[in-house]
There are 2 protein chains.
Amino acid sequence: MEFKEAKNKFVQTWGALGSQWGINKTMAQIHALLMVSHEPISMEDIMDELQISRGNASMNLRALMDWGIVYKEYKAGERKEFFTAEKDLDELAVKISRERSKREIKPALKVLKEVSAIESDGTAAEKHFVDQTTKLYDFVLKADNVLDKITEYKDNWLAKLVVKIMR
Amino acid sequence: MEFKEAKNKFVQTWGALGSQWGINKTMAQIHALLMVSHEPISMEDIMDELQISRGNASMNLRALMDWGIVYKEYKAGERKEFFTAEKDLDELAVKISRERSKREIKPALKVLKEVSAIESDGTAAEKHFVDQTTKLYDFVLKADNVLDKITEYKDNWLAKLVVKIMR
DNA sequence: ACAAACTTTCATTTTTTTTTGAAACTTTAA
DNA sequence: TTAAAGTTTCAAAAAAAAATGAAAGTTTGT
């Protein structure tokens, strides 16, 4: 396999993986492209390489920057904007975790708390509902906290986790 | 808030959360419904409660059973099939982790290994590609192994993890 | 102040994913 | 057997998500 082929395969795979985890395919592909590029890329080049429209490129780059995993850069003497991806994988995972926690887990927890707080009338159905949603709330809260704690290690958190767990 | 309203809110929220994580909304809703039900539910009742077609119900129940988080049950003297969800949350998380690892992470790892193995021609671009994909392979492999290890605790793994990490 | 270079926005179109529903299939009881 | 009760399948329809592209907006150099 040669470079171009490998790069393309990587970009496609990362895009597919993104889709499976609820991330827009193009967004994941742009991220993939930037991650394996040794220098900043212009929007023009991204459009060209992925065969996508200007609007698509613009919107997905904005989304990636909102996630905090892609940065805009300016090159001296160049009018256009260039983009780079966060390349430190620990940092990347931390940012993705934080963002998903904030956007998706926290709001879900709020709902779980609400619905588990209903006044049960004592029937088996209602008792089970309150019991199960309470357990779910506790579980998700605990998992969210663990994630928070883990990613607080910042540097090399995965390696540190390995040490903690394996011993 | 009363029971019916709370139950509906929970089902909707669980469905939305599913979507955000790449799981078909209806599949997540059926799972939500079964999780908070104190007794097995028939396909008929699921269709009715979620306002979905027979085909949709059938296919998503099959998918949930393939994931190993919903079980088919038979009631004595009844011809129809009933369904229940895995209600132990440790077990639920373990099963989801295992399945996603098997279906999505492992195949991606295989590709990462392949593309990181290209013979670099020594240019900065190719060197960076090999370097970055190798790091990514190592990272994902390590994360996948950690997940494996954690969920191996089986009983109360989340609680055990909390203890390990917090101290 | 202008216009060239570039980026963003968003109504419309396209693609992808999900859902439907009816026919085919399976199982069970008489 | 057979027919009733139930389930699965899958081509077609519907819905949802993503992409396009051109107009509007912004920035910069002269």
Side-chain angles (χ1 to χ4, degrees), chain A residues 11-34 40-67 70-84 100 103-104, chain B residues 11-34 40-67 70-84 100 103-104:
Chain A
V11 169
Q12 296 307 320
T13 303
W14 206 240
L17 196 63
S19 289
Q20 290 170 320
W21 287 78
I23 287 146
N24 173 330
K25 189 184 68 179
T26 302
M27 184 169 154
Q29 287 180 341
I30 294 176
H31 180 246
L33 195 59
L34 294 174
I41 314 186
S42 69
M43 203 159 88
E44 213 69 41
D45 286 350
I46 292 170
M47 287 163 57
D48 192 63
E49 189 125 13
L50 300 180
Q51 296 289 324
I52 58 173
S53 70
R54 191 171 291 290
N56 197 5
S58 174
M59 283 168 87
N60 283 113
L61 280 165
R62 151 86 28 244
L64 284 162
M65 289 188 290
D66 288 349
W67 275 63
V70 160
Y71 314 113
K72 204 180 263 190
E73 296 206 352
Y74 298 95
K75 275 195 194 169
E78 289 251 32
R79 184 105 161 233
K80 37 169 172 311
E81 300 171 338
F82 291 80
F83 301 89
T84 28
R100 295 206 89 146
R103 297 184 193 200
E104 297 153 13
Chain B
V11 169
Q12 295 308 319
T13 303
W14 206 240
L17 196 63
S19 290
Q20 290 171 320
W21 288 78
I23 287 145
N24 171 330
K25 189 184 68 179
T26 303
M27 184 169 153
Q29 286 180 341
I30 294 176
H31 180 246
L33 196 60
L34 293 174
I41 315 186
S42 69
M43 204 159 88
E44 213 71 42
D45 286 349
I46 291 170
M47 288 163 56
D48 192 62
E49 190 125 15
L50 300 179
Q51 296 288 324
I52 56 172
S53 71
R54 189 172 293 286
N56 198 4
S58 174
M59 284 167 84
N60 284 114
L61 281 165
R62 150 87 28 244
L64 284 163
M65 288 188 292
D66 289 347
W67 275 62
V70 159
Y71 314 112
K72 205 180 260 191
E73 296 206 353
Y74 297 94
K75 276 194 194 171
E78 289 250 33
R79 184 104 161 236
K80 19 173 185 314
E81 301 171 339
F82 292 80
F83 300 89
T84 31
R100 294 206 88 147
R103 296 184 193 200
E104 297 153 14

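In the text below, chain A, chain B and the rest are named by the order of the sequence lines, each starting its count at 1.
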| query | How long is the line joining CD1 of A:Ile52 and P of D:dA19, in whole Å? | reply | 8 Å
| query | Which residues satisfy the side-chain contact (heavy atoms from CB on, under 4.5 Å) test with A:Lys72, sequence neighbours excluded? | reply | A:Met65, A:Tyr74, A:Glu81, A:Phe83
| request: Quickly work out the B:Asn56 CG to D:dA11 P distance and round it to whole Å. | output: 17 Å
| query | Tell me, which of residues 16-33 of chain A have any heavy atom that sits under 4.0 Å from an atom in DNA chain D? | reply | A:Asn24, A:Thr26
| query | From the 5' end of DNA chain C to its 3' end, which nucleotides mark the outer limits of contact with chain A, defined by a 4.0 Å heavy-atom distance cut-off (strictly under)? | reply | C:dA4 to C:dC10
| said: Among residues 72-80 of chain B, which ones have heavy-atom contacts with DNA chain D below 4.0 Å? | reply: B:Lys72, B:Arg79, B:Lys80
| task | Just jot down the side chain to side chain donor-acceptor pair (under 3.5 Å) partners of A:Glu104, sequence neighbours excluded, or say none. | result | A:Arg100, B:Trp21
| remark: Residues passing the side chain to side chain donor-acceptor pair (under 3.5 Å) test with A:Arg54, sequence neighbours excluded, are A:Glu44
| task | State which residues pass side chain to side chain donor-acceptor pair (under 3.5 Å) with A:Ser53; sequence neighbours excluded, sorted by chain then number. | result | none
Can you give each donor-acceptor pair under 3.5 Å made by side-chain atoms of residues 22-33 of chain A, sequence neighbours left out, with the distance rounded to 0.1 Å?
{"unit_1": "A:Asn24", "atom_1": "OD1", "unit_2": "A:Thr26", "atom_2": "N", "d": "2.8"}
{"unit_1": "A:Asn24", "atom_1": "OD1", "unit_2": "A:Met27", "atom_2": "N", "d": "3.4"}
{"unit_1": "A:Gln29", "atom_1": "NE2", "unit_2": "A:Gln12", "atom_2": "OE1", "d": "3.3"}
{"unit_1": "A:His31", "atom_1": "ND1", "unit_2": "A:Trp14", "atom_2": "NE1", "d": "3.2"}

| message | Using the side chain to side chain donor-acceptor pair (under 3.5 Å) criterion, which residues pair with B:Arg79? Sequence neighbours excluded. | response | none
| task | Applying side-chain contact (heavy atoms from CB on, under 4.5 Å), name anything that partners B:Ala57, two or more places apart in sequence or on another chain. | result | B:Met43, B:Met47, B:Ile52
| query | How would you list, by chain and number, every residue that makes a side-chain contact (heavy atoms from CB on, under 4.5 Å) with A:Asp48, sequence neighbours excluded? | reply | none
